[in-house]
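Below is one structure, written out as structure tokens, with a few remarks after it.
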Amino acid sequence: MTELPKAYDPAAVEPDLYEDWRTAGLFHADPDDDGDPYSIVIPPPNVTGSLHVGHALDNTIQDVLIRRARMVGNNAVWIPGMDHAGIATQMVVEKQLAAQGKTRHDLGRERFVERVWEWKEESGGAILRQLQTLGCSLDWEREAFTFDGPRNLAVTKVFVELYDQGLIYRGARLINWDPVLHTALSDIEVDHEEVDGELVHFRYPFADGDDSDGLVVATTRAETMLGDTAIAVHPDDERYRHLVGRTVRHPFLDRTFPVIADDYVDPEFGSGAVKITPAHDPNDYQIGLRHDLPMIDIMDDDAVITDVGGRFAGLGRYDARAAIKQALDEAGLLIRSEPHRHQVGHSSRSKAAVEPRLSDQWFVKVGPLAERAIAAVKDGDVRIVPQRNAKAFLDWLENLHDWCISRQLWWGHRIPAWHHQDTGEIRVSAEPIDEDGWVQDPDVLDTWFSSQLWPFVVFGWPEETADLKRWYPTSTLVTGYDINTFWVSRMLMIGLWFTDSVPFHVIYNHGLVRDEHGKKMSKSFGNVIDPLDLVDEYGADATRFALLRSAATGTDVPLAEEWVEGTKRFANKLWNTCRFALSNLEGTMPGDVPPRDDLALEDRWILSRLEAVRSEVDAGYDAYDWPVAARGLYHFVWDEFADWYVEAVKVRIYGDDREAAARRVLAIVLDDVLRLLHPMMPFVTEALWRALTGAAGGTDSLMVAAWPQGRADDRDVDAETDFAVLQDLVTQTNRFRSQNSIAPSKRFDLTVASDRRELIDAQQELVSSLARLSGVTCVRTIEERDGTSTIQLASGQAQVDLTGLIDVAAELERLRKELDSARADLAKVTGKLANTSFVERAPADVVERERHKQRDAKAAIAQLEERIAALEVMQGTGQS
RNA sequence: GGGGCGUUAGCUCAGUUGGUUAGAGCGCUUGCUCGACACGCAAGAGGUCGCAGGUUCGACUCCUGCACGCCCCACCA
């Protein structure tokens with residue numbers, strides 16, 4: 001048996017164990033192995049990524065699920081991999097080029113993409129290596145990449161089939177344009193932020209009148225008036241009904257357009273008349289379609305006004321906004337402008353304000369896909385945990401717009417479509433078209449188009465591989481709720497469409513990791529915690545366990561460094577409990593529970609508690625309730641096993657009464673605890689388990705040991721009740737000792753009158769040891785005597801003879817001194833709080849602290865006075 | 001504008017189908033080199049469970065309203 005160091009040192013244990021597991025092949029799964037299939041695919045981190053606490057939580061949870069599944073006997077696999085992360089990655093490399101004063105256009109497309117690949121090879125995937133330090137038991141032989149060969153083939157196949165089915169189409173639609181990255185974006189890549197703007201009221205003159213007459217409109221985006229092609233009013237609006245059909249004249253451009261009526265217009269807002277810019281506003285676009293209005297794109301890719309803007313051509317959109325306002329004013333058309341807060345869409349990548357723009361793009365028609373996904377959720381084919389997230393998920397699926405999938409980028413899956421240069425004809429094909437006049441579409445696909453295929457392409461789809469048959473559909477998808485829309489819903493839709501199966505049976509949503517006060521972690525707040533720093537400082541087990549302890553299902557996870565520190569102490573506690581056991585086991589192995597007659601009360605008690613906790617912890621794991629599982633084990637190990645059982649068992653181990661049974665029970669409990677704890681704290685449990693069982697390592701590992709089955713017969717309510725009586729007796733005695741300043745080393749006799757007299761009588765030795773008594777005498781009734789003190793018990797009373805135990809005079813003197821100082825404290829604080837300028841001007845928390853001090857001092861005084869009175873009675877100086 | 005979540009000890013959170021003195025960790029106070037552990041042991045202080053009503057013999061727990069906070073979604077110029 002190995003000698004364990006006095007304190008647990010994670011750094012000395014973790015890296016070697018990971019390497020040992022890996023070389024023994026314990027992470028690798030074989031589809032031909034026995035056991036029910038259990039599979040998880042990692043949400044592929046971006047190649048640009050490095051491990052942050054969100055990843056740490058997400059992957060710890062997956063590792064917990066996989067490790068437990070293995071121990072339960074499933075044929076479990078966890079697939080690693082990465083996402084090529086189109087925009088994000090392209091931006092990183094473009095930034096590197098910018099540092100050299102270059103753009104991607106200087107390199108050209110081919111060279112640029114090569115450059116991204118080079119970068120991917122050298123620095124991509126750091127995050128997967130970081131996951132190893134966290135202990136993640138991923139099957140490294142199955143690593144996949146969304147942009148590698150097999151995945152490319154699958155993406156092309158999916159695109160072509162969807163196109164053939166009429167579910168992918170190309171067309172001019174209003175899309176979100178990112179004027180910085182020069183690409184279209186999907187709706188969910190746009191974040192709405194509140195912005196302070198201006199609502200500008202101005203007048204469009206009638207075509208047949210002068211500038212003093214006309215129709216007043218209001219807008220937050222004056223520059224878009226260059227693309228106006230109508231003015232809309234509500235059909236029932238009495239103020240304007242008679243104007244419908246009239247024509248207005250553009251003040252700066254040689255153009256006239258009509259006043260139209262449309263229900264969309266809210267008569268209450270602004271002037272009740274809306275300028276319509278179909279090419280630059282989603283609502284106006286719809287109105288434009290309904291009324292067959294011309295759609296005039298007034299901006300170029302940089303959101304700069306083009307020649308259609310007449311004298312405003314060449315101005316950026318914000319400069320144009322100011323210039324037009326001024327021009328309106330000069331023309332006498334500006335009525336007024338007022339401050340106006342409103343929501344403006346921003347690119348989630350470049351943060352630039354998105355420009356709604358009419359553009360030729362590729363779209364996925366999502367209706368038919370969404371229908372099946374909705375049905376799968378409603379029918380329970382896929383279960384969302386927590387259930388309440390299902391509503392938002394369904395709402396989103398039920399209100400989908402078609403998905404713009406083309407991106408004007410270079411890094412990503414090239415769209416398998418070819419355009420004829422002369423005819424403009426389009427052909428979509430899995431094979432390159434190598435004929436004269438045909439050129440491939442320059443655009444690439446939205447990065448989520450490929451990642452939506454992840455759960456089946458990692459197993460080799462469209463090939464009918466053994467892996468695919470064995471592990472698809474996957475068991476559980478673990479993600480934060482923040483990407484349910486981006487990713488999860490799309491996997492569900494496309495999975496159902498192409499594999500006729502849900503891609504996962506359960507969607508488990510954890511919360512987002514926040515700082516200790518529940519605030520979002522962000523670099524600008526300076527509250528970011530790096531999980532790798534935590535691992536360095538406290539170990540991977542502590543980091544994992546701390547995250548799990550606060551990861552209540554679906555709610556955000558507050559993380560403070562102190563908690564991780566506290567968890568490290570728990571690991572150390574476990575370590576030392578094992579150290580005690582190991583140094584006393586004398587070769588005893590875990591095995592069958594000894595015959596009942598050989599067991600002492602504390603044995604039956606701890607076995608009963610173990611069984612209770614095992615079942616609670618198991619239920620916690622089953623319900624994805626990590627805090628319950630973690631707390632259950634923490635409490636059991638520390639407060640029951642270490643604090644009570646280990647102390648109790650010393651009587652027999654250091655003596656010679658049924659010590660064999662004691663050793664056996666010690667080994668059994670530890671063995672089960674280590675197994676139950678292993679998915680959450682894999683390293684320390686493995687190290688200790690090897691020491692306990694003598695396991696050689698390699699394939700002889702806790703990682704693949706059997707999950708505890710439980711022994712229902714071990715539940716022993718009588719033992720628990722009886723032991724609680726002893727615990728109460730010991731606790732009350734300790735309390736008495738502490739309150740009377742009796743040194744812990746001072747032993748004394750206890751006389752007990754209890755309705756559990758026989759029990760206490762039989763357990764005298766145990767009680768004496770735990771409460772550090774010289775003896776326990778059980779009597780029928782306590783007789784009040786001078787010089788004794790009584791302790792109240794849940795089951796009766798105990799009596800202590802104070803003669804010689806306490807130096808009454810000295811104790812009185814000590815207490816009186818304490819009382820004096822407590823009174824002085826109180827006076828000081830009370831004086832401070834009586835000072836009105838302090839109470840009014842000092843910060844609230846400082847005042848609150850003073851109030852606390854005041855309350856504390858008062859409580860202390862009351863208690864001291866009581867004890868002094870009691871001692872005075874004993875001394876004969878008080879009044880009884 | 002729609003929807004969701006939360007409000008319990010100084011801080012972060014538990015609290016099972018409503019049932020005697022509402023729990024944990026951290027922090028705080030006091031004492032302790034007891035043959036696993038000072039990353040420890042023992043004891044202690046600290047809460048009118050956001051506010052106002054209601055149901056009930058009884059509510060932190062159920063209902064209604066309000067307040068505050070957080071989050072998601074959303075095409076009102």
Side-chain angles (χ1 to χ4, degrees), chain A residues 4 6-8 174 187-188 192 199-200 217-221 224 232 264-266 268-277 281-287 340 342-343 345 356 386 388-389 391-392 395-396 399 401 481-482 484-485 511-512 514-520 538 542 546 549-550 552 554-560 562-563 565-584 616 627-628 631 634-635 638-639 642-643 646-647 650 653-654 730-731 734-739 741-745 769 772 818 845 848-849 852 855-857 859-860 863:
Chain A
L4 298 178
K6 194 167 171 180
Y8 174 53
L174 199 76
D187 291 346
I188 50 178
H192 295 271
L199 191 60
V200 174
V217 296
T219 180
T220 54
R221 303 192 57 206
T224 61
Y264 161 74
V265 178
D266 174 6
E268 304 295 317
F269 190 90
S271 67
V274 190
K275 57 186 274 307
I276 302 300
T277 322
D281 181 277
N283 298 306
D284 295 6
Y285 176 70
Q286 292 303 325
I287 291 175
H340 183 66
H342 63 138
Q343 301 280 339
R388 64 166 181 272
N389 285 11
K391 186 175 158 41
D395 280 353
W396 193 78
N399 293 294
H401 296 191
Y481 56 77
D482 55 329
N484 278 357
T485 48
L512 308 182
R514 295 173 179 277
D515 77 1
E516 59 195 302
H517 300 298
K519 280 214 184 91
K520 209 167 193 165
Y538 308 106
R549 272 171 87 182
S550 43
T555 64
D556 287 345
V557 182
L559 176 70
E562 294 96 82
W563 299 17
E565 195 182 339
T567 307
K568 189 193 172 192
R569 279 187 250 166
F570 173 62
N572 191 60
K573 186 73 185 180
L574 182 69
W575 183 265
N576 274 291
T577 309
C578 285
R579 244 163 55 90
F580 165 81
L582 289 169
S583 62
N584 291 292
E616 179 194 340
V628 159
R631 274 198 302 264
Y634 183 98
H635 177 253
W638 204 313
D639 302 338
D643 284 353
V646 165
E647 292 307 318
K650 282 176 182 173
I653 291 210
Y654 295 151
V730 171
T731 301
N734 280 340
R735 182 187 178 143
F736 171 82
R737 188 191 287 275
S738 180
Q739 291 202 331
S741 307
I742 301 168
S745 53
S769 167
R772 307 196 158 272
E818 258 187 60
D845 60 321
E848 192 51 35
R849 215 177 303 146
H852 258 272
R855 259 181 300 183
D856 287 355
Q863 207 178 44

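An OP1 or OP2 oxygen of B/C34 is reached within less than 4.0 angstrom by no side-chain nitrogen or oxygen of A/Lys650. For A/Tyr8 and B/G40, the shortest distance from a side-chain N or O to OP1 or OP2 is not below 4.0 Å. For B/C13, the OP1/OP2 oxygens have no side-chain nitrogen or oxygen of A/Arg631 closer than 4.0 Å. Within the 4.0 Å cut-off from OP1 or OP2 of B/G44, at least one side-chain nitrogen or oxygen of A/Arg735 is found. Within the structure, a side-chain polar atom (N or O) of A/Trp638 is placed less than 4.0 Å from OP1 or OP2 of B/C41.
Within the 4.5 Å cutoff, the side chain of A/Thr224 has no heavy atoms near those of the A/Asp281 side chain. Side-chain contact between A/Pro282 and A/Leu174: present, with at least one pair of heavy atoms (C-beta onward) separated by less than 4.5 Å.
Using a 4.0 Å heavy-atom cutoff across all strands shown, A/Asn734 reaches sugar-phosphate atoms only and no base atom. Heavy atoms of A/Ala218 sit under 4.0 angstrom from at least one base atom. Residue-level contact check: A/Tyr654 touches the bases, meaning some heavy atom is under 4.0 Å from a base atom. As judged by a 4.0 angstrom heavy-atom cut-off over every strand, A/Asp482 is placed among residues making no nucleic acid contact. Residue contacts for A/Ala642: at a heavy-atom cut-off of 4.0 Å it reaches a base atom on one of the strands shown. Within 4.0 Å of A/Val217, counting heavy atoms only, lies no atom of the nucleic acid at all. Here A/Thr731 lies in heavy-atom contact (under 4.0 Å) with sugar-phosphate atoms only. Nucleic acid contact for A/His635: none, since no nucleic acid atom lies under 4.0 Å from a heavy atom of the residue. As judged by a 4.0 angstrom heavy-atom cut-off over every strand, A/Val265 is placed among the base-contacting residues.
Checking A/Ala7 against A/Arg772, the closest nucleotide of RNA chain B that is more toward the 5' end is the one next to A/Arg772. Nearest-nucleotide mapping onto RNA chain B: of A/His342 and A/Asp187, the residue sitting toward the 5' end is A/Asp187.
Here, B/C37 and B/G50 have their P atoms 44 Å apart, quoted to the whole Å. Separation of the P atoms belonging to B/C63 and B/G27 is 38 Å when rounded to the nearest angstrom.
Across all strands shown, B/C76 forms no Watson-Crick or G-U wobble pair with both key distances under 3.5 Å. Under the Watson-Crick or G-U wobble criterion, with both distances below 3.5 Å, B/U21 has no partner in any strand shown. A 3.5 Å limit on both hydrogen-bonding distances identifies B/U64 as the Watson-Crick or G-U partner of B/A52. With a 3.5 Å ceiling on both atom-pair distances, the Watson-Crick or G-U wobble partner of B/C41 is B/G31.
No aromatic stack links A/Trp563 and the base of B/G25, using centre distance under 5.5 Å and interplanar angle under 30°.
The side chain of A/Gln343 has B/A74 as its nearest neighbour among B/A77, B/C26, B/A74. Here the side chain of A/Tyr264 is nearest to one of B/A77, B/C39, B/G44, namely B/A77. The side chain of A/Lys391 sits closest to B/G4 out of B/G4, B/A77, B/G40. Each of B/A14, B/A36, B/G44 was ranked by its minimum atom distance to the side chain of A/Asn576; first place goes to B/A36. Closest approach to the A/Lys6 side chain among B/G25, B/A77, B/A38 is made by B/A38 (side chain taken as heavy atoms from C-beta onward).
Counting distance only, with no hydrogens placed and no angle test, the side-chain atoms of A/Lys573 and the base atoms of B/C37 include a donor-acceptor pair under 3.5 Å. For A/Glu647 against B/A36, a side-chain N or O and a base N or O form a donor-acceptor pair under 3.5 Å. Scanning atom types as modelled, no donor and acceptor separated by under 3.5 angstrom connect the side chain of A/Arg579 and the base of B/C37.
Within the 3.5 Å criterion, the main-chain N or O of A/Lys6 finds a donor-acceptor partner in the side chain of A/Asn576. Between the side chain of A/Asn572 and the backbone N or O of A/Tyr8 there is at least one donor-acceptor pair closer than 3.5 Å.
Atom-to-atom, CG of A/Asn572 to C1' of B/C41 comes out at 14 Å; the value is rounded to the nearest Å.
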**Study point:** Audit row: A/Tyr264, A/Ile276, side chain to side chain contact (heavy atoms under 4.5 Å, CB included) steps and yes/no
**Key:** CA-CA 11 Å; A/Tyr264 161 74; A/Ile276 302 300; 5.8 Å; no
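Figure legend: A/Lys573 and A/Tyr634 shown without cation-pi pairing, the cationic atom not lying both under 6.0 angstrom from the six-membered ring centre and within 45 degrees of its axis.
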